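In what follows, a structure is listed as structure tokens, so that the remarks can point back to it.
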Amino acid sequence: MTTPSRQVRFCTAPGGGRIAYATAGAGRALLVPPAWISHLELFWQDPALRAFFAPLAGARTVVQYDRPGSGLSGPWPGPQGLDTDVDVLAAVADQLGLETFDLLGISLAAPVSVAFAARFPQRVGRLVLYGGYADGAQIASPPVRAAMLDMIRAHWGLGSEVLADVFLPEGTTETKAHFAGLQREAASAQSATDMLAQCYEVQVGDLLAHVVAPTLVVHRRNDRAIPYRAGRDLAARIPGARLMSLPGRSHFPYVGDAAAVVRAILEFLGDPPAGPSPAGAGGRPGELTARQLQVAALVADGMTNRQIAERLSIEERSAEGHVERIRHRLGVTSRAQIAAWWARRSSAR
């Protein structure tokens, strides 16, 4: 499997806003609403993000879009809220002619996905909620919420850095700085403030009992942005939902043990990771050395050669050599293919 290419197109939502959306992969559609501020072009340049979505796009047609006022989407003609988000999700699905599809609601998109699944049960096949919540009041105390909103409104530069530290506590300094810059490029201070305020205010608790789609709730136990108890509450109140707890502190799934998140999603959706089998790729898992298996796992986590070297206390050129030997033994040509191989191996085990 190579890094999935994406085609960016535009559609118009019922309220008149222009929505940018992108598709990658093939197969049954998996819609992934924006988890936070997004930019379909800029964020896709992040190798860790691409490595996370590569196995998903190998099994499904992954559909993503930018929220109005963020990234490539245009402004929304009026205040935004939960109803707006549901309308935008429906508009993208309608534009693609999707009668039924699966939903992956990450972070702030979890309540949006819950609302859509409850209101349009006939359209959602399976529902995956990662790092989600039903009640915005669970995210932080009132003083903390007010302080965050004031900081972002007045000092978006500092606010973007604080949010990067909250969302990516296990990320390197370089990773956090890069993410902070992407946030500032993708949205204005006012758009970011409005989005976070909506996150704090959203309430979908009364809709949880109306979700009929098979549901998987995935949450990292030490998630720094959305408390674990919020995910546990989701799973307890959605009929028949299954809770999968994973170790880790980083909120976004492509940082930390990303392979474990991908494996959980694909297993629940019923799709084995796509691509050539390990044997067809030029070797079985046992043909990699213990050190190469370590490096493959870190590549799957989206780390650069420099970050791998720092993690393993080796020279950067040694890390580069390990990656090249892994590519040769597996018969692949890209880091995304190594990440996909690792996801298949983890799933098989």
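All of these numbers come straight from a predicted model, not from anything done at the bench.
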Taking the side chain from [X] and the backbone from [Y], do they hold a donor-acceptor pair closer than 3.5 Å?
| X | Y | value |
| --- | --- | --- |
| Arg249 | Gly256 | no |
| His178 | Asp46 | no |
| Arg220 | Ser250 | yes |
| Ser70 | Ser38 | yes |
| Trp156 | Ala187 | yes |
| Gln80 | Pro68 | yes |
| Arg60 | Leu269 | yes |
| Arg18 | Leu72 | yes |

Between [Y] and [X], is there a side-chain heavy-atom distance shorter than 4.5 Å?
| X | Y | result |
| --- | --- | --- |
| Arg145 | Ile139 | no |
| Met151 | Leu158 | yes |
| Leu104 | Leu31 | no |
| Ile152 | Leu163 | yes |

Please determine whether a side-chain nitrogen of the Lys or Arg among [X] and [Y] lies less than 4.0 Å from a carboxylate oxygen of the Asp or Glu.
| X | Y | value |
| --- | --- | --- |
| Arg317 | Glu320 | no |
| Arg263 | Asp257 | no |
| Asp194 | Arg67 | no |

Legend entry - Test: Arg123 cationic atom under 6.0 Å from Phe116 six-membered ring centre, within 45° of axis: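 Verdict for Phe116: no cation-pi partner in Arg123.
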Legend entry - Phe252 ring center near Phe52 ring center (under 6.0 Å):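 Aromatic pair excluded; centres sit 6.0 Å or further apart.
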Distance only, no hydrogens: is a donor on one side chain within 3.5 Å (strictly under) of an acceptor on the other, for [X] and [Y]?
| X | Y | value |
| --- | --- | --- |
| Tyr65 | Ser73 | no |
| Gln64 | Arg6 | yes |
| Thr175 | Gln307 | yes |

Legend entry - Cluster overlap Tyr254 with Leu40, hydrophobic side-chain contacts below 4.5 Å: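 Hydrophobic grouping puts Tyr254 apart from Leu40.
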Inset, instruction - For the pair Phe53 and Trp44, name the ring-plane relationship: parallel under 30°, tilted 30 to 60°, perpendicular over 60°. - result: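 The arrangement is tilted - the two ring planes meet at 30° to 60°.
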